[in-house]
Amino acid sequence: GIQVEQSPPDLILQEGANSTLRCNFSDSVNNLQWFHQNPWGQLINLFYIPSGTKQNGRLSATTVATERYSLLYISSSQTTDSGVYFCAVVGNTGNQFYFGTGTSLTVIP
Amino acid sequence: EAQVTQNPRYLITVTGKKLTVTCSQNMNHEYMSWYRQDPGLGLRQIYYSMNVEVTDKGDVPEGYKVSRKEKRNFPLILESPSPNQTSLYFCASSFLWGHLYGYTFGSGTRLTVV
């Protein structure tokens with residue numbers, strides 16, 4: 001299967017700070033999605049981004065498929081951004097979805 | 001409202017007592033999947049289904065069964081639960097197999113096996 005590594009594993013930010021989360025994957029992919037798991041456990045779609053750059057408010061994401069990584073940017077962080085951020089990929093030849101182990105983000109007031 | 005509904009949300013059971021966790025989606029999605037989430041291990045796929053009557057094993061299928069008799073439902077069956085199956089379980093669905101776009105998760109089922 002595809003190995004998906006996320007960094008950093010843990011991140012603590014002061015409210016208002018910016019951060020960059022990284023997702024590296026070990027093989028070619030044609031699907032990539034970023035998710036946020038809030039402190040109540042709910043998993044929410046953030047970006048479907050197999051390539052290129054997208055922005056949604058304070059969040060943006062960039063995937064460079066040829067170099068096998070994706071970045072999630074959080075600007076002006078808020079306490080509601082706390083939780084775990086996962087990236088997930090699908091390989092070019094498979095039906096399985098592979099998740100990284102996540103980045104746990106804590107934003108303190 | 002488009003959603004994936006899992007039941008129950010919480011379940012405590014004893015070793016060996018068969019149980020079923022239900023999953024239903026109202027989006028006419030083809031692809032459905034089950035995951036378990038354990039601390040430090042992220043989300044691991046148990047089984048997935050590409051359509052009715054088409055299921056396949058994920059990374060951690062041992063001790064679990066699934067069925068897909070209708071498009072909307074994808075129950076997870078533990079025939080003889082053991083304590084190492086204590087975990088947080090998620091069902092998810094997407095419009096098309098092999099496609100993460102619009103991937104929607106249920107609210108999760110926290111299972112404890114004693």
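Every chain is numbered from 1, with letters handed out A, B, ... down the list of sequences.
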Which atoms of B/Asp59 approach chain A - backbone, side chain, both or neither, heavy atom under 4.5 Å: both

To check you understand the geometry: which heavy-atom pair defines the closest contact between B/Gly42 and A/Phe86, and what is its length? CA-CE2, 4.2 Å

Engaged part of A/Phe47 at the chain B interface, taking heavy atoms whose separation is under 4.5 Å: neither

Flag if over 12 foreign heavy atoms under 6.0 Å of NZ, B/Lys65: no

Part of B/Tyr48 within contact of chain A (heavy atom distance under 4.5 Å): side chain

Just so I understand: if I count every heavy-atom pair under 4.5 Å between each of B/Arg110, B/Gln45, B/Arg44 and chain A, which residue has the most? B/Gln45

Distance (rounded to the nearest 0.5 Å) between A/Thr101 OG1 and B/Asp38 CG: 12.5 Å

Treating Ile, Leu, Val, Met, Phe, Trp and Tyr as nodes and any side-chain heavy-atom pair under 4.5 angstrom as an edge, say whether A/Leu43 and A/Val90 lie in one connected cluster. yes

Consider only side-chain heavy atoms of I, L, V, M, F, W and Y, link residues closer than 4.5 Å, and tell whether A/Leu13 and A/Leu72 are in one cluster. yes

A/Leu32 versus chain B, the contacting section by heavy-atom distance below 4.5 Å: backbone

If contact means a heavy atom pair closer than 4.5 Å, which residues of residues 19-26 of chain B contact chain A? none

Most heavy-atom pairs under 4.5 Å with chain B, out of A/Gln37, A/Gln6, A/Gln42, belong to A/Gln37

Show your reasoning for whether ring pair (Phe, Tyr, Trp, His ring centres under 6.0 Å) applies to B/Phe105 and A/Phe35. CA-CA 10 Å; B/Phe105 283 87; A/Phe35 296 90; 5.3 Å; yes

So what's closer than 4.5 Å to chain B heavy atoms on A/Val89: side chain, backbone, both or neither? backbone

Answer yes if A/Trp34 and A/Leu105 sit in the same cluster of Ile, Leu, Val, Met, Phe, Trp and Tyr residues linked by side chain heavy atoms under 4.5 Å apart, and no otherwise. yes

Does atom CD (A/Glu15) have a neighbourhood of more than 12 heavy atoms from anything else shown, all under 6.0 Å? yes

Flag, side chain of A/Asn45 to backbone of B/Tyr103, donor-acceptor distance under 3.5 Å: yes

Which heavy atom of B/Tyr101 sits nearest a heavy atom of A/Gln33, and at what distance? CA-OE1, 4.0 Å

Side chain, backbone, both or neither of B/Leu41 within contact of chain A (heavy atoms, under 4.5 Å): backbone

Any chain of hydrophobic side-chain contacts (each under 4.5 Å) joining A/Phe97 to B/Val4? no

Is there side-chain contact between A/Asn31 and B/His99, with heavy atoms separated by less than 4.5 Å? yes

Same cluster for B/Tyr31 and B/Leu43 if Ile/Leu/Val/Met/Phe/Trp/Tyr side chains link at under 4.5 Å? yes

Check whether more than 12 heavy atoms from other residues, nucleotides or ligands sit under 6.0 Å from atom CD1 of A/Ile12, and answer yes or no. no

Roughly how far, to the nearest 0.5 Å, is the CZ atom of A/Phe99 from the OH atom of B/Tyr35? 4.5 Å

